[in-house]
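Below: one structure, written as structure tokens.
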Number of protein chains: 2
Amino acid sequence: MPHIPLPEHLPGITGLLEYRLDTAMPIRDLTQILLRGESSLTEGERELIATIVSSRNCTNFCEAAHTKAADLLLGESETARLVKLDFESAPVSDKMKALLNIAALTQKSGKAVSGEAIERAKKAGASDLEIHDTVLIAALFCLYNKYVDGLATVAPADPAFYQTLGERIVARGYMRPPGGYSKPA
Amino acid sequence: MPHIPLPEHLPGITGLLEYRLDTAMPIRDLTQILLRGESSLTEGERELIATIVSSRNCTNFCEAAHTKAADLLLGESETARLVKLDFESAPVSDKMKALLNIAALTQKSGKAVSGEAIERAKKAGASDLEIHDTVLIAALFCLYNKYVDGLATVAPADPAFYQTLGERIVARGYMRPPGGYSKPA
């Protein structure tokens, strides 16, 4: 049960983003810019960064939602699964491995992001902006994970929930639907 | 030296917020709403939450800046110092001790925020919204700390820098000054 009263039909982050709409708006804006705005990283690659951070923070709701979004964007479900298991041997580019490493280090601690990890990413062709965005996406998902777990929100067990949520994220992005969320009948 | 090229006259978070203005805007908005918007917590109390989280993440820049902001808002420098040392014996209300405990647990991990910690805060008179805001402020400062440290920004050693920054934060809040920051002559 959540630590504060949240609508039962809106589990995980969805209820929190309706609880306080004024703080939700900039959180949604930042996510939309970073994960769906113009970038030399694909939307699927950016969802993989969100996924590995949420997975390492053990935030089931966010991990399941962004794994599904990555799966839908990549058109298969092996890459996200293997990235979470061991990104060094996952079927992604050397540049993505280096960026996932930076994301994983950021999840541990900002201070863990070493000069060596940055050099590796630059040698693999990552731009300064890609490195910047990787750190900021990882930091943002640490915010999300702490927000979702810190208030003890509920993570549904039914995979169908995340299928629907993933489809919505892919089709409509991270902004609030006009009129909000109606309560199911 | 920062991991990406940042203007030398803008250390810590200040250079990052100028590096990518589109992502900076919602980060500034969220901070302004949470730390300066309407709240039953004083601005000084909210700066103490930012301070304890930054202190526990060992992010020198953010710790120094928000300690100074708290000092200026509280009119003395003992409370912030003692809160960082041991909030349980610091000269703050029982409600603030319970909220600082929630902030410190959120810094560790969202899952560390126990039902007991929430009950303690409620018994001490904390509202659901105060609990929500405490978790979100703590999560936001974990984002800031990971962003600032993950890109290896510089923290000036001169206390005068944080005096000036603290005064600016207290007087003008967290929004970008019109026209940005001019380079010193």
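No experiment lies behind these values; they were computed from the predicted model shown. Order of the sequence lines sets the chain letters (A, B, ...), proteins ahead of strands, with each chain counted from 1.
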Side chain, backbone, both or neither of [X] within contact of chain B (heavy atoms, under 4.5 Å):
X: A/Asp133; result: side chain
X: A/Leu140; result: both
X: A/Phe141; result: neither

For residues [X] and [Y]: do they belong to one hydrophobic cluster (side chain heavy atoms under 4.5 Å, members Ile, Leu, Val, Met, Phe, Trp, Tyr)?
X: A/Met96; Y: A/Leu73; result: no
X: B/Val83; Y: B/Leu72; result: no
X: B/Phe161; Y: B/Val148; result: yes
X: B/Leu21; Y: B/Met175; result: no
X: A/Leu143; Y: A/Tyr174; result: yes

- Note on the structure: With chain A, the option among B/Cys58, B/Ala24, B/Ala112, B/Ser127 that has the most non-hydrogen atom pairs under 4.5 Å is B/Cys58

- Interface residue of largest heavy-atom contact number with chain A, from B/Thr106, B/Asp22, B/Leu136, B/Asp29, under 4.5 Å: B/Leu136

Minimum heavy-atom distance [X]-[Y], with the two atoms named:
X: A/Val135; Y: B/Tyr147; answer: CG1-CA, 4.1 Å
X: A/Leu30; Y: B/Thr23; answer: CD1-O, 3.6 Å
X: B/Ile33; Y: A/Pro26; answer: CD1-CG, 4.2 Å
X: B/Asn57; Y: A/Lys111; answer: O-CE, 4.1 Å
X: A/Gln107; Y: B/Lys146; answer: O-NZ, 2.7 Å

- Message: Just so I know, are the side chains of A/Pro5 and B/Asp128 near enough to count as touching, which here means a heavy-atom distance under 4.5 Å?
- Response: yes

Which answer fits [X], side chain, backbone, both or neither, if we ask what part of it has an atom under 4.5 Å from a heavy atom of chain A?
X: B/Glu119; result: neither
X: B/Ile102; result: neither
X: B/Ser114; result: backbone
X: B/Lys108; result: backbone

- Query: Are the side chain of A/His3 and the backbone of B/Ile131 linked by a donor-acceptor contact shorter than 3.5 Å?
  - Reply: no

- Note on the structure: Looking only at A/Ile27, A/Asn145, A/Leu16, the option with the highest number of non-hydrogen pairs under 4.5 Å against chain B is A/Ile27

- Message: At a heavy-atom distance under 4.5 Å, which candidate from A/Leu105, A/Ile4, A/Thr59 has the highest pair count against chain B?
- Response: A/Ile4

- With a cut-off of 6.0 Å (strictly less than), are more than 12 heavy atoms of other residues, nucleotides or ligands near CD of A/Glu8? no

- Task: Under the side chain to side chain contact (heavy atoms under 4.5 Å, CB included) rule, what do A/His132 and B/Leu6 come out as? Steps first, then yes or no, please.
- Result: CA-CA 11 Å; A/His132 168 275; B/Leu6 296 170; over 6 Å; no

